[in-house]
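Below you'll find the structure, written out as structure tokens, and then a few comments.
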Amino acid sequence: MAAILLDGRTLADRIQKELGEKTSALCAARVVPGLATILVGNNPASAAYIAVKHRACEAVGVRSVHFHLPEETTQDRLEGIVRDLNRDAEVDAILVQLPLPAGLNEEAALRAIDPDKDADGLHPVNLGRLVMGTPGPLPCTPTGIHALLVHYGVPIEGRHVVIAGRGLTIGRPLALLLSMKRPHCNAAVTVVHTGVPDIGVYTRQADILIAAAGFPGLITPEMIRPGAAVVGAGITRQGKTILSDVEESVGEVAGWITPRIGGVGPMTVAMLLQNTLLASARRTRVS
Ligand code: GUN
């Protein structure tokens, strides 16, 4: 039996429509939510992601500004721009697109962002809040994956989630989120990486398998338990082609699966807009 599609495009469109209505209400109260993005260098994948984020802002009525800085930008200059944006009353949320070019310190750049304007939930203070279980901006791809699983009725509580990939933007925060003591979380979570010998020993135990390694075709049908939910969050761009961490044929064995295009990506963008609106409402005390 073919797997149920975890259709992120349709769900993200619905969320964006609701966010558009909330933005209109904020604008009526003379509050225009604003997102600032910073891209350093000319990574084509990053430039494409940034373009998608700005189109989404426009669609929901969020004001967005973009700073495209040259490859040779210094750490001081980058952090100086972040600090200016921290003080800018028209900017509610700031995103520094990762990865930064070699030689720039990502952690220091993220740390320069005011934690209350952290669009990505990747500031150490906000990652700390996630560890503690206290409210704060949450990382966009993990919350997008969680929302997708919840929306499609994939059972999470008490189930075994295996995450292949331990990166800062997906694997690590997602493990924290899904293991939190709260409804629709409470999962048993295992994090593995591509250096683990015979990764299939772990993936075959998963009720929910999240592939977030950025390693094309990492997950093959024999690596999953029949009926499991499989989420492809890691992608690799090869020219104009997007390669998934999950082989297409996994859909013949899985119970639920994300499509190669229109799964996690649109959900990440919707959660970024949500974080921007929440930051705006927090700062202006309008909800
Ligand atoms: N690069 C890839 N994913 C992300 C993300 O979620 N946030 C940022 N800032 N950069 C990324």
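Note that ligands are numbered from 1 as they come in the structure, with each ligand's atoms numbered from 1 the same way. Predicted model, so just to flag it, every value in this text is computed and none were measured.
- Side-chain polar atoms of R83 and N86 form no donor-acceptor pair below 3.5 angstrom.
- Residue Y49 has no N or O atom closer than 3.5 Å to an N or O atom of ligand 1.
- Among all non-hydrogen protein atoms, the one lying nearest atom 8 (C) of ligand 1 is D120 OD2, 3.2 Å.
- From the protein, the heavy atom lying nearest to atom 4 (C) of ligand 1 is T169 CG2, 3.9 Å.
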Check against side chain to side chain contact (heavy atoms under 4.5 Å, CB included), I145 and M267
CA-CA 7 Å; I145 292 171; M267 292 301 296; over 6 Å; no

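- Within a 6.0 Å sphere centred on CD of E248, other residues, nucleotides and ligands contribute 12 heavy atoms or fewer.
- In this structure, the protein non-hydrogen atom closest to atom 1 (N) of ligand 1 is L98 O, 2.8 Å.
- Comment: K22 does not engage E18 in a salt bridge, judged by the lack of any side-chain N to carboxylate O separation of less than 4.0 angstrom.
- With ligand atoms numbered from 1 in the order given, ligand 1 contributes 8 (C), 9 (N) to contacts under 4.0 Å with heavy atoms of V96.
- Taking the ring axis of Y49 as reference, the NZ or CZ atom of R55 does not stay both within 45° of it and closer than 6.0 Å to the ring centre.
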